[in-house]
Amino acid sequence: MSYLDRAMIVLTLVGALSGLVGTFVVLRRRVLFAQALTHATFPGAVLAAVAGVNIQIGAAIASLVLVGGLALLGRVRGQGTQAASGVMLTAGFAFGVLLQALNPNIPIHVDSFLFGSVLASSWNDALFAGIALAVTVVVLLIAGKQLIFAVFDPRGYRAAGFNERGMDVVLLLLTTLTVVAALPAVGAILAISLIAAPPAAARLLTSKATTMLFVAPALGVTAGLLGLTISRLWAVSAGASVALVAAGIFLVALGINRVRSGARS
Amino acid sequence: MNFVNTPATPVALELIGAAFSYGHDVALDEVTLSVHEGEALALIGPNGSGKSTFLKGVLGLLPVTAGTMEIFGAVRGPDTARSLGYLPQSDEVDPEFPVSLEQVVMMGRYRRMGWWRLPARADRAAVAEALRLTGLTTLAKKRFGLLSGGQQQRGLLARALAANPRMLLLDEPFNGLDQPNREALVETIRVLKGEGVTVLLTTHDLALAREVCDKVLLVNGTQIAFGSLADVLTLQNLQAAFSGFQVEVDEHSVVLPGHDGH
Amino acid sequence: MVFLDSLTTAFALPFMGRALIVLLVLSLAAGVIGVFINLRGLEFLSDGLTHAVFPGIAAGFVLGGRDGLYVGALIAAIAAAVVLTLLSNKRVSSDATIAIVLTAMFSLGVIFVSRSTDYAGQLESLLFGHLLTVTHTEVVVTSVVAIIALLLVVTTFRGQLFVAFDRSATQAVGYRPLLLNLTLNVAIALVVVAASSAVGNLLVLAVLIVPGAVARLATRRLALLFVVSAGFAMLASWFGLATAFGLSVSADVAIPGGATVVLFFVLGYLLMLGWRGIRR
């Protein structure tokens, strides 16, 4: 199997995973949090590389530190979650940059952090993404209905006597898992692109949550494979190409949505 | 058209066959009414019937797509806009927002002060007067977010009053107010009317409408009835406006469907 | 002590003096604008703007070198501010759309840069600036752009405050929210442009959002907010720059100036957070 086939497998897995989890992230408006996660994992990855351990482990630990930090920050009055996420985001990034500057010999560079290196992804990356996808599917099979309820109608969810925070924690963990699984292969920018664009497009195409959960991963996989193909054809960065295709899919969905709502009125 | 008890004051607001639209969707049409200076008009109708639309139309946020509307004898424009004061439907204010009540009320003077001029004596006097009218003088230096919901509502009213409006538009001003705040607001509206200020307000509370309003506009996407309280608030009219809802009317009160109901 | 020494004497060196001037001007503009970013919760939109300006910087750099950078950045900044203002106005789940614009624009920038020869080196310089090698011309351009951004917000101050406090009544009072939003977003984008040579495209976000957050923790008095925000940004810049210099000289490692300054911002934020936590 060539490196190209391996890249396709990784992108398929990551695209499906991001589409699934992204649906909840987008509906719950937690994209900024996901963005903060991607940036805060940077110093974790650098430290892991310096220490010689698996990068995903470093990134996962950094994510958990961030989640804990945000939970603490949320308790300080006058500190919006937006501000807290924003500060964590830039703090993580600056720290990563500094660590990297101090250890110029490690293989993690800023551009590979931002855009990953799909074409150089390993079987290890594919395995990790596959496990993450399997875990997510299992979680959704068990608690999917609850999650959809909580995200679509938080008030009703609370009124029905469910614990909203519990669902938020599940969503938080799934988001973290997705980011950690996606980062080494596709990088921070592309991870956010795949978490936000396919679900946002799916949202424009359907108003049913369950349909979204099939459409969004399908669009994510499409963006990955189409983007990779285009990047081969025109010899441009694979990560950038996939991100642009994802944005293009969103634009097409926006167009379809406009035409439909125009036809209705 | 009936003009029972037409007072001697000039006409403040006059609409003839007016319609207001959001884009292509007509939200309220066939409105014909006139309100005189110093009068209060109650807008009554179910949710989504066009009450807030009417206020937005008068404010100039929605176009008049049919008929005519005149405010103080002039077509709506920048000059008429300056004579209007507006109290939006209360929504949650960030309790941590770093402004004092006095600073919020001063915002009502911003349009007169332009971008640069520092507050002059007249501005400070208007703020003090607005605070006095709403009974909030002692709370002037307090952070706005620390006030109770009712006090915040009155604070926003004071902001509208600080601009010395000739016509005041209140969107659901009694919503969520406790009894003392409700009475304070009713009293403020009475004083304002005495000073010749015209008041337009939307409400679900017919008892309050009876207390302070002179005229009623009953709407449900279109005008159902307009006129004096006694003429308009009949069981027949109310059933037409609230078709599909349970409406009970007796001599003193009308029980309307709940505000939050769908 | 090397550190105390570098707080003052280091800035007698011309390149350190230039770096300090650029940071102080940026701190002033971003400090004031940052208060509004915080009051209105525009952190993510600011993040979107920083990334969206990047293709302009990249294209300008590829086509016109270091001087062309500003031209491209300015064009992209205005365009991005307009697009994001319109998008956030439509409310198509705005944080997802911000993310999509952000990633798409950033990808375009990367594609531009990857067309030029020295890919990795240039990318890093564009992303992180070159604080210690800022030229005289760059000082002038940065200052002018930052001052324009500051003036945009100062002249519309009352309207900005009104929108931030109570969006629903803004239009009824006679302000134009769309115009006010556009002004603020253009101002944010101009700070991004101004900062591109000094702290680079990725770290400017810290300059925009951290001082405002610190000021919100420090005071609840409106007038003080702006003073604290800008003052904090200036102090942290000064300390950060001096530390980067001191460490570089004494420990003989190349410490990136921009990142050190940002870490001082974050350090100040954490200290303020601790102080608030104790006082509570």
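Chain letters run A, B, ... following the sequence lines, proteins first, then strands; residues in each count from 1.
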| At a heavy-atom separation under 4.5 Å, does B:Arg82 approach chain C through its side chain, its backbone, both, or neither? | neither
| field | Sequence neighbours excluded, every pair satisfying salt bridge (Lys or Arg N to Asp or Glu O under 4.0 Å) that has a member inside residues 64-74 of chain B | value | none
| message | Is there a side-chain contact between B:Val104 and C:Asp166 in this structure, where contact means two heavy atoms from C-beta onward sitting under 4.5 Å apart? | response | no
| task | Count the heavy atoms belonging to other residues, nucleotides or ligands that lie under 6.0 Å from NZ of B:Lys193, then report whether that count exceeds 12. | result | yes
| Residues in ring-ring contact (aromatic ring centres under 6.0 Å, His included) contact with B:Phe20, at least two apart in sequence or another chain | none
| message | Under a 4.5 Å cutoff for heavy-atom pairs, which residue among C:Thr219, C:Leu222, C:Leu225, C:Leu224 has the most contacts with chain B? | response | C:Leu222
| task | Report the distance from atom CD of B:Gln103 to atom CZ of C:Arg221, rounding to the nearest 0.5 Å. | result | 8.5 Å
| message | Any non-hydrogen side-chain atom of C:Phe162 less than 4.5 Å from a side-chain atom of B:Arg111? | response | no
| request: May I ask you to check whether B:Tyr110 and C:Tyr175 place their ring centers less than 6.0 Å from one another? | output: no
| task | Let me know if B:Phe97 has heavy atoms under 4.5 Å from chain C in its side chain, its backbone, both or neither. | result | both
| Taking all non-hydrogen atoms of both residues, which atom of C:Arg216 and which atom of B:Glu96 are closest, and how far apart? | NH2-O, 3.1 Å
| message | A side-chain contact here means heavy atoms from C-beta on lying under 4.5 Å apart; do B:Met107 and C:Arg158 qualify? | response | no
| Which residues from residues 143-156 of chain C are near chain B, with near meaning under 4.5 Å between non-hydrogen atoms? | C:Val154, C:Thr155, C:Thr156
| field | All side-chain contact (heavy atoms from CB on, under 4.5 Å) counterparts of C:Ala198, not counting sequence neighbours | value | C:Val22, C:Leu26, C:Leu131
